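What follows is a short report on a single structure.
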2 protein chains.
Amino acid sequence: MLQSCQNGGMATARTRRSPRRTDALSRERIVEAAVELLDTAGEGGLTFRALTERLATGPGAIYWHVANKDELLDAATDAVVAAALAAECLEPPKPTKRADPTKPTKPAESPDSPQDKIRAIAFGLFDAIEDHPWLPTQLALQLSRSPWGSVTPRIFESVGRQVRALGVPEGHWFTAASALVHYILGAAGQNAANNASARTLAPGVDRAQFLDAASKAWQELDPDDYPFIHAVAAQMREHDDREQFLAGIDVVLTGITALHLPGERGRT
Amino acid sequence: MLQSCQNGGMATARTRRSPRRTDALSRERIVEAAVELLDTAGEGGLTFRALTERLATGPGAIYWHVANKDELLDAATDAVVAAALAAECLEPPKPTKRADPTKPTKPAESPDSPQDKIRAIAFGLFDAIEDHPWLPTQLALQLSRSPWGSVTPRIFESVGRQVRALGVPEGHWFTAASALVHYILGAAGQNAANNASARTLAPGVDRAQFLDAASKAWQELDPDDYPFIHAVAAQMREHDDREQFLAGIDVVLTGITALHLPGERGRT
DNA sequence: TCCAGCTTTGGAACGCCGCTCCATGATGGA
DNA sequence: TCCATCATGGAGCGGCGTTCCAAAGCTGGA
């Protein structure tokens with residue numbers, strides 16, 4: 001039934017307004033669709049036109065639930081980050097399939113020490129970024145746009161609790177948590193960029209080949225202008241992402257414990 | 001003389017092409033204009049239309065020198081970062097007006113130690129970001145887009161040389177430099193975001209008032225969900241940017257020396 | 001001196017985007 | 001039953017990055 005054409009004389013032969021949707025639109029459903037679009041079509045794939053098509057609606061309906069595109073991107077970012085942090089907070093016991101605990105952790109650490117929890121949080125974000133290559137860009141944009149938005153407190157809170165649990169005196173909480181958060185987001189983001197670029201530039205090429213090419217590019221820089229880059233190019237090719245990421249976290253953690261826990265000189 | 005209308009039947013009465021410019025266009029002049037536009041009109045102010053007006057030309061002329069907008073943004077970012085790093089490398093002796101050396105540096109450090117040079121590099125980027133609020137966003141975008149581009153090697157090289165000078169064994173160069181670079185870019189970027197937001201949201205309001213408001217917003221978060229945020233809100237209001245930034249760098253530096261320089265346990 | 005061929009310029013136009021506006025359809029209280 | 005309100009979807013606007021191309025200078029060989 002194509003509906004009764006009650007207004008015959010209208011100038012615009014409005015193709016009869018499509019019947020109203022039965023399944024209600026909601027901010028949640030919109031954000032969900034946005035995340036899927038970002039995942040499948042990339043950062044540039046999230047378009048209000050693509051969104052209207054996927055949700056079988058018009059722009060107006062979407063704008064009724066969401067103020068603008070920035071807010072939509074923020075909401076999508078927040079949703080993914082919240083899920084990542086929640087997942088890591090709830091399942092610390094079981095050794096996940098991704099975190100490879102081959103590397104011997106420091107000996108004097110209890111299994112659920114704050115250090116371990118911080119590593120779990122970091123890897124949670126690391127994995128989320130790997131699953132959603134658009135995440136680091138949006139995180140950076142959101143940190144620049146509104147540092148007090150919803151995402152920043154979320155991450156700071158998760159990391160900060162463990163900083164407190166470490167025994168860091170209150171006066172240094174902000175410094176310690178900042179150092180951790182900035183390192184985690186920066187390193188995870190750059191790593192994801194490597195993966196994403198490998199995928200984008202040559203779909204068939206795997207990570208190793210890509211890193212090989214990038215390493216070679218670095219080695220071809222003028223050794224006079226870039227002696228250090230030249231030297232670390234080899235390391236870059238061989239490095240293991242997660243191991244390297246963990247090593248960086250340990251650097252920051254060691255710095256925190258050494259500087260802010262005068263009682264426990266040295267490591268851990 | 002309105003031109004010899006050789007093609008009489010042409011539909012377009014081309015209003016006589018404007019005479020050719022005397023001052024040659026060049027990639028450098030375009031990048032320079034782009035930086036100025038970004039500085040004065042903000043991130044959204046850099047438009048090919050605005051650029052054509054400022055350079056009194058058409059899009060085609062610009063596209064002759066620059067492939068696309070991304071390349072232009074990368075070039076602008078690279079130019080600013082190169083200037084910042086060059087400035088810091090050339091003038092380490094004189095205590096700059098900005099870096100306030102009231103805080104007593106660690107005693108056992110020579111005046112031009114690698115640590116000091118790293119701090120100088122960091123503050124160079126910190127200042128550049130303060131002068132160009134669009135920089136952190138572009139840095140993040142460029143790190144995500146092409147980590148092996150021109151900017152990343154530049155920063156890595158500057159920091160990496162000092163890491164090497166610290167005596168870090170070669171196997172840990174990449175880890176140590178990464179930790180430093182990620183912290184520096186992340187913290188400087190977030191700090192700039194605070195300043196920029198303070199300016200944007202209320203032009204008359206100064207930084208202190210803004211941080212006051214942001215701190216209050218954090219304090220109003222549910223203490224049950226965000227106990228840590230709630231607790232550090234006060235610190236956020238009182239903190240001094242550069243001091244905090246320096247403290248974070250020292251955390252990472254301490255971690256590097258403690259973990260990777262077994263000979264020199266403890267600090268510096 | 002002239003002209004062919006190259007580089008460089010500026011402007012018109014294209015397709016897509018975020019976003020606004022508004023007529024319409026549903027809904028629930030009076 | 002009627003109406004105020006919520007919610008929807010489509011048409012369209014202004015602006016963006018980008019492309020295309022005719023024209024204008026330049027350069028060197030005849």
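Not measured: the values here are computed from a predicted model. Letters A, B, ... are given to chains in the order of the sequence lines, protein chains preceding strands, and every chain is numbered from 1.
Note: F174(B) and H239(A) have tilted aromatic rings, judged against thresholds of 30 and 60 degrees for the angle between ring planes.
In this structure, L73(A) places its CG atom 14 Å from P of dC17(C), rounding to the nearest Å. Nucleotide dG25(D) holds its C1' atom 15 Å from the CG atom of L25(B), rounded to whole Å. The separation between E53(A) atom CD and dG10(D) atom C1' is 14 Å, rounded to whole Å. Between the NZ atom of K69(A) and the P atom of dC16(C) there is a distance of 15 Å, given to the nearest Å. For I30(B) and dT18(D), the CD1 to P distance is 14 Å, given to the nearest whole Å. Atom CG of L55(A) is separated from atom P of dG10(D) by 13 Å (rounded to the nearest Å). For the pair L51(A) CG and dC16(C) C1', the computed distance is 16 Å after rounding to whole Å.
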### Pair Q244(B)-S178(A), side-chain hydrogen bond (donor to acceptor under 3.5 Å, both in side chains): steps then yes or no
CA-CA 9 Å; Q244(B) 188 93 47; S178(A) 293; 5.3 Å; no
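For residues 133-157 of chain A, every residue pair satisfying the salt bridge (charged side-chain N to carboxylate O under 4.0 Å, His left out) rule, not counting sequence neighbours, is listed here: D70(A)-R145(A), D74(A)-R145(A), D78(A)-R154(A), E157(A)-R161(A).
For H65(A), the side-chain hydrogen bond (donor to acceptor under 3.5 Å, both in side chains) test picks out no residue, with sequence neighbours left out.
Residue F48(B) is in base contact, counting any heavy-atom pair closer than 4.0 Å across all strands shown. At the heavy-atom level, L46(A) lies under 4.0 Å from the strands shown only through sugar-phosphate atoms.
Residues from residues 59-68 of chain A that place a heavy atom under 4.0 Å from any atom of DNA chain C, listed by number: P59(A), G60(A), Y63(A), N68(A).
Judged by distance alone, with hydrogens and angles left aside, R49(B) brings no side-chain donor or acceptor close enough to the base of dG15(D) to form a pair under 3.5 Å.
Between the K69(A) side chain and the L46(A) main chain, a donor and an acceptor come within less than 3.5 Å of each other. Within the 3.5 Å criterion, the main-chain N or O of P223(A) finds no donor-acceptor partner in the side chain of H230(A).
Taking the six-membered ring where the residue is Trp, the centroids of F156(A) and F228(B) are separated by 6.0 Å or more.
Distances shown here put every side-chain N or O of T57(A) at or beyond 4.0 Å from the OP1 or OP2 atom of dT8(D).
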